Amino acid sequence: MYVGPLRSLVDELGRLPGIGPKSAQRIAFHLLKVESEDALRLVDAIVAVKERVTSCTICFNVAEGELCEFCSDPRRDGSLLCVVEDPRDIVAVERTREFRGRYHVLGGALNPIEGLGPDQLRVRELLDRLSDGEVTEVILCTNPNLEGEATAMYLARLLVPLGVRVTRIASGLPVGGDLEYADELTLGRALEGRREVDA
Amino acid sequence: MSLYRDEGVVLRSLRLGEADRIVTMVTEGHGKVRAVAKGVRRTTSKFGGRLEPLSHVALQCWSGRELDTVTQVEVLDGFRAVREDLVRVAKAFTLLEVVDQLAQERHPNPRLYETLVGALRSLDHADAPLLVAAFCLKVLALEGSAPIVDRCASCGSVSELIAFDLVEGGVLCRSCRRGRPVSAGALDVVRLVLGGGLASVLAEPAGPSTEEVTDLATEAMEVHLERRLRSLRSSPTG
């Protein structure tokens, strides 16, 4: 339908997740209309991400350079290690402002039906990080779904014998949620993990 | 477009878009169903954890052309003891994978469904060493592909049954032998499962023939499916 550069732009945009042919066309025409410098800023951002952003050599978070911002920050508590599935989970944990330790990104969760076993995750690297004894607590912060729970159980099995404290994030009701709509598993766990209220 | 109600077990789910999932379920009355669960990944979703794989649920769906849409779900059994035990979860993954491969979309197979629910209940109650093997054999029998174990699959002889060959479809006598050797103990277990002695097989503690029967049954299932069972190859319990 389109020819030359416009066609290749529509094609490339259409490859992005969640963008269908119509949206691709709309974005392409938008880019055609905006000022050159606005479009070039987008180009520069994409180039910069592809050239400069790498994987942290210690925790496998996204990083600019060899180490990510958390591994290179001396103010972070090196004795606490939070194990997550994906770099995006680090962003979620950081938003809480409750955690001052460091991270380890597994790169997924065990999913035997999809053929994802322990060898496909960064488990060996996690064990290597524990060998110097600096870490005293590992927080298993994988998703509270079947795959994430299986991963947490698998890691606990490996880590507990090493003598390090292993904890699992709590699961319960979301703030702003509704008891009536809470599912049995979640509500059951919320009851199990109930806390004493201080007067 | 119409609304329907059914019972089902969630086999697996795939992320879709921002906060949705495509949930694959095996249902009693509609066979394998793939349905969109809208917003299920949000923490405040009304579905919550109900559509996690393994859950036995009562559900209401809109039927669509290709994908249905889940509108309401209620948990009948969450199999919590299975979820909280790595060994049992690994076994459950295998059961789900087998059913996912065998069930056909919108083609009800109530006996396959009942066998799965029964096996999951049993696994939730106790970790029977022979559960996966018994499940595979029972399902093969439902499919009409149970191995022949009472006579030689090649010549029909009933004495000296010492080998097992998946291509022949069962045991072989000394003169026809091919494939792998098989012990009399393992054959007894297979006969019991296929012959209505399931409860006693499941009650048995792990013994010398447990591994042999499990290998035999899962390999027979793989031959029937014409593909490898991934959950066995990448099991977290090794």
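Remember, predicted model here, so these are calculated numbers, not experimental data. A note on names: the letters A, B, ... follow the listed sequences, proteins ahead of strands, and every chain is numbered from 1.
- B:Val75 touches chain A through backbone and side chain together, each having a heavy atom under 4.5 Å away.
- Other residues, nucleotides and ligands contribute more than 12 heavy atoms inside 6.0 Å of the CZ atom of B:Arg227.
- For chain A, the nearby parts of B:Glu97 are the backbone and the side chain; heavy atoms of each come within less than 4.5 Å.
- Within 6.0 Å of atom CZ in B:Arg228, 12 or fewer heavy atoms from other residues, nucleotides or ligands are found, so the atom counts as exposed in its surroundings.
- The environment of CZ in B:Arg180 is crowded: more than 12 heavy-atom neighbours from other residues, nucleotides or ligands sit within 6.0 Å.
- For A:Glu192 and B:Arg80, the salt-bridge test passes: some basic side-chain N is under 4.0 Å from an acidic carboxylate O.
- Per-residue heavy-atom pair counts under 4.5 Å with chain A were compared for B:Thr94, B:Asp100, B:Asp85, and the maximum is reached by B:Asp85.
- For A:Glu66, the CD atom sits in a loose shell: 12 or fewer heavy atoms of surrounding residues, nucleotides or ligands are nearer than 6.0 Å.
- Contacts between residues 97-117 of chain A and chain B, counted as heavy-atom pairs separated by less than 4.5 Å, involve A:Leu110, A:Pro112, A:Ile113, A:Glu114, A:Gly115, A:Leu116, A:Gly117.
- Ranking B:Gly48, B:Ser13, B:Gly78, B:Pro53 against chain A, the residue ahead of the rest is B:Pro53, based on heavy-atom pairs under 4.5 Å.
- Annotation for B:Gln60: atom CD counts as buried by contact number, over 12 foreign heavy atoms lying within 6.0 Å.
- Contacts of B:Arg12 with chain A are made by side-chain atoms alone, with heavy-atom separations under 4.5 Å and no backbone atom involved.
- Of the atoms belonging to B:Leu11, it is backbone heavy atoms, and not side-chain ones, that fall under 4.5 Å from chain A.
- Judged as a side chain to side chain donor-acceptor pair (under 3.5 Å), the pairs with a partner in residues 42-54 of chain A (not counting sequence neighbours) are, in order, A:Arg52-A:Glu64.
- Counting heavy-atom pairs closer than 4.5 Å to chain B, the top residue among A:Glu184, A:Glu180, A:Gln120 is A:Glu184.
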**Residue pair A:Asp183, B:Glu52: steps toward the side-chain contact (heavy atoms from CB on, under 4.5 Å) verdict** = CA-CA 11 Å; A:Asp183 64 281; B:Glu52 278 294 293; over 6 Å; no
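- The side-chain hydrogen bond (donor to acceptor under 3.5 Å, both in side chains) check on A:Arg165 picks up A:Glu137, with sequence neighbours excluded.
- The contact list for residues 142-158 of chain A toward chain B, using heavy atoms and a distance under 4.5 Å, reads A:Asn143, A:Asn145, A:Leu146, A:Glu147, A:Ala150, A:Met153, A:Tyr154, A:Arg157 by residue number.
- Around atom CD of A:Glu94, more than 12 heavy atoms belonging to other residues, nucleotides or ligands sit under 6.0 Å away.
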